[in-house]
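Here the structure is a predicted model, which means the values were calculated and not measured.
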Amino acid sequence: EEVPDSSISRVDLTSKSFVTIDGKSAKDFDDALYAEETSSGFKLFVSIADVSEYVKKNSSLDIEALNRGTSIYFRNKVIPMLPELLSNGRCSLNPNEKKYTITCVIDLTKDAEIKDYEFCESIITSKARLTYEGLGPLFSKPKNKLDKKIETSLNNLEKIYRALKLKRKRRNSIEFNLSETRPISDKANRILKFSRMDRNEYHGVVEECMILANICAANFLLRRKIPTIFRFHEKPDLSKITDLKEFLSSRGFKKNMKSSNYRSSILSWLEESKKTKFEEIINLQILRSMKLAKYDSSHSDHFALALDKYCHFTSPIRRYADLVVHRGIKGYLREHIKSNDSSFLYNKNEEYNLMKFQWLARENEKKQINLILQSHEKNHQELWDKWSKKNPSPEYVSNSDIERRPKYDLEYNFKSWLYKIAVNESLNTLKKIRVFEEYDENIHCLLYTSPSTRDQRGYGMPSVCLKKKIGGGG
């Protein structure tokens with residue numbers, strides 16, 4: 001176990017009414033928030049667990065964390081990047097415990113414009129462990145059961161969030177309306193159903209504050225020319241947008257089909273999708289046309305967020321990239337106060353190491369995605385098998401039959417699972433009634449030809465794969 005350096009002077013923020021806000025099942029707490037109103041706006045404090053104080057660069061613990069790259073969350077299990085002693089204990093901002101943090105203090109106008117910001121090594125005490133589920137219904141309402149100072153801070157956070165949300169809309173950030181689901185299991189760990197995880201305003205409060213701190217971190221490092229790792233998101237490829245336009249045209253979309261402005265086109269399509277019953281599928285298909293964000297040591301812009309400088313600073317317990325960013329900031333702070341400790345500093349001679357980490361981070365993300373997809377496929381197959389035993393395929397399949405099937409998480413592995421659930425299983429029935437079927441890869445439709453009519457149609461997935469001429473659905 002690494003021992004923190006007690007000789008470094010830290011800013012004592014233990015008197016501030018910091019709180020953590022996470023899901024009710026969370027066990028590791030990276031971040032705590034506190035806000036106060038000033039004569040000209042607000043002062044926002046975003047305090048992040050100081051993992052770098054315990055995980056020293058090039059130690060055996062650091063090398064293992066680097067190789068893991070991130071924590072991976074499954075249905076009933078977490079594969080942590082750090083040992084539980086650190087992730088859930090020493091580093092985690094548990095309530096009523098003094099913790100080492102790196103704090104980003106941001107001076108904001110009333111419209112949430114950044115006037116100034118600073119980073120400092122600090123000590124905080126979280127005054128409460130709050131949840132999205134508990135705070136969501138209290139947004140813009142009295143919070144009488146909470147300490148008065150906490151309530152005041154939360155009200156200030158809500159005001160900051162409203163201003164940041166308006167700013168985000170004005171800069172044309174791209175946001176998707178996609179639901180998340182979680183499996184509900186019985187005592188024998190058998191999946192009974194998938195339950196929708198609803199977002200509320202407090203998810204947005206935390207998200208916007210974290211984005212703001214990430215922006216400040218990226219600016220801090222870039223201005224001082226400190227080598228680091230950014231979160232880079234490129235604009236989509238032309239070929240992907242062309243395929244997306246074909247998909248949307250097949251669903252009746254007509255606006256911006258000749259436009260070369262990707263951002264305005266995507267925003268208009270997302271808005272138009274709200275008027276259809278396929279909003280989530282269209283959102284998902286637009287998301288699939290985008291490039292994946294990746295870690296990069298040279299490029300700092302983020303297309304979806306509409307930002308020219310962005311990095312990950314707020315989750316060092318579960319992401320190694322954030323730990324790299326922390327070390328860059330701490331290295332500068334310690335050099336600036338003439339500390340003899342240079343173990344945190346990433347200097348220009350280490351740019352090669354950052355390039356190696358960039359490659360490793362991308363490979364780790366691919367592995368993480370594959371592991372999560374495999375887990376979800378297993379979960380979905382388990383529920384599908386259970387449903388199929390109770391609901392054997394009828395001779396004719398209608399829309400209502402397909403609508404009765406279990407709802408699956410649309411966010412994961414669209415091509416594999418939606419195709420299997422909404423099309424492949426139905427094909428077995430179609431073959432019984434002698435129908436030729438084909439799947440159009442570009443517009444994601446099932447094309448079929450009935451021998452009796454020689455009629456060919458294309459229908460979107462998943463709930464409208466089949467129509468009247470096969471099974472009498474609406």
Side-chain angles (χ1 to χ4, degrees), residues 1-14 16 18-34 45-73 77-104 119-131 206 209-210 213-214 217 228-229 311-331 333-334 341 343-344 346 357 361 364:
E1 181 185 345
E2 301 286 356
V3 179
D5 188 349
S6 59
S7 67
I8 300 298
S9 176
R10 289 177 176 265
V11 178
D12 188 347
L13 299 175
T14 54
K16 308 280 186 192
F18 281 94
V19 296
T20 60
I21 307 172
D22 297 272
K24 61 183 180 182
S25 62
K27 294 181 179 179
D28 53 347
F29 309 118
D30 290 277
D31 55 90
L33 295 172
Y34 169 73
F45 295 75
V46 181
S47 285
I48 308 299
D50 190 357
V51 174
S52 63
E53 197 64 51
Y54 296 90
V55 183
K56 302 299 184 182
K57 192 169 60 177
N58 298 325
S59 66
S60 57
L61 187 59
D62 181 48
I63 293 168
E64 180 61 27
L66 171 62
N67 288 330
R68 295 190 178 205
T70 181
S71 297
I72 305 176
Y73 297 85
K77 184 180 180 180
V78 177
I79 301 176
M81 183 182 79
L82 299 173
E84 190 174 325
L85 175 67
L86 293 179
S87 63
N88 295 3
R90 292 293 178 86
C91 297
S92 184
L93 306 183
N94 302 319
N96 303 313
E97 296 178 8
K98 285 188 177 183
K99 297 290 181 176
Y100 285 170
T101 50
I102 298 181
T103 299
C104 181
F119 288 88
C120 63
E121 295 184 66
S122 54
I123 300 176
I124 72 160
T125 301
S126 171
K127 300 299 192 291
R129 184 270 202 259
L130 304 178
T131 66
V206 174
C209 290
M210 296 303 110
N214 287 339
T228 193
I229 202 84
C311 69
H312 279 165
F313 162 75
T314 56
S315 298
I317 289 177
R318 63 182 179 88
R319 286 191 308 233
Y320 193 87
D322 302 53
L323 182 54
V324 171
V325 169
H326 275 229
R327 286 173 175 160
I329 293 171
K330 283 185 68 170
L333 294 176
R334 299 221 171 163
D341 183 4
S343 64
F344 295 100
Y346 278 105
F357 167 67
N364 282 335

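Atom-to-atom distance recorded for E53:CD and T101:OG1 is 11.0 Å, nearest 0.5 angstrom. To the nearest 0.5 angstrom, S87 atom OG is 10.0 Å from K27 atom NZ. Between the OG1 atom in T103 and the CG atom in D31 there is a gap of 11.5 Å [rounded to 0.5 Å]. Taking SG of C120 as the start and CD1 of I102 as the end, the distance is 9.0 Å to the nearest 0.5 Å. The line from CD1 of I229 to NE2 of H312 is 11.5 Å long, rounded to the nearest 0.5 Å. Atom CG of N96 sits about 7.0 Å away from atom OG of S126, to the nearest 0.5 Å.
L323 is not listed as a side-chain neighbour of L66, based on a closest heavy-atom distance of 4.5 Å or more. Contact annotation: the side chain of V46 approaches that of M210 to within less than 4.5 Å [non-hydrogen atoms, C-beta and beyond]. Between Y100 and I123, the closest side-chain pair of non-hydrogen atoms falls below 4.5 Å. Put simply, the side chain of R129 reaches to within 4.5 Å of the side chain of D22, judged on heavy atoms.
Side chain of S315 to backbone of R318: no donor-acceptor contact under 3.5 angstrom is found. Looking at R68, its side chain never comes within 3.5 Å of a backbone N or O of L82 through a donor-acceptor pair. With hydrogens and angles ignored, the 3.5 Å screen pairs a side-chain donor or acceptor of K127 with a backbone N or O of T14. Proximity of a side-chain donor or acceptor of K98 to a complementary backbone N or O of I124 within less than 3.5 Å is not detected.
Taking every heavy atom of both residues into account, K24 and T131 meet most closely at CA-CG2, 3.9 Å. Contact detail for D50 and S52: the closest heavy-atom pair is OD1-OG, 2.8 Å. In terms of heavy-atom proximity, M81 sits nearest to Y320 at SD-N, 3.3 Å. A pairwise comparison of heavy atoms in E121 and K330 identifies OE1-CE, 3.5 Å as the closest pair. The two residues L61 and L86 make their nearest non-hydrogen contact at CD2-CD1, 3.6 Å. Closest heavy-atom contact between A49 and F29: CB-O, 4.5 Å.
For the pairing with H326, the side-chain contact (heavy atoms from CB on, under 4.5 Å) check across V55, V51, T228, I48 returns one residue only, I48.
In this structure, E84 has no salt bridge (charged side-chain N to carboxylate O under 4.0 Å, His left out) partners at least two apart in sequence or on a different chain. Take F18 and apply the ring pair (Phe, Tyr, Trp, His ring centres under 6.0 Å) test, not counting sequence neighbours, and it matches Y34.
A salt bridge does not link D30 with R319: none of the charged nitrogens is closer than 4.0 Å to a carboxylate oxygen.
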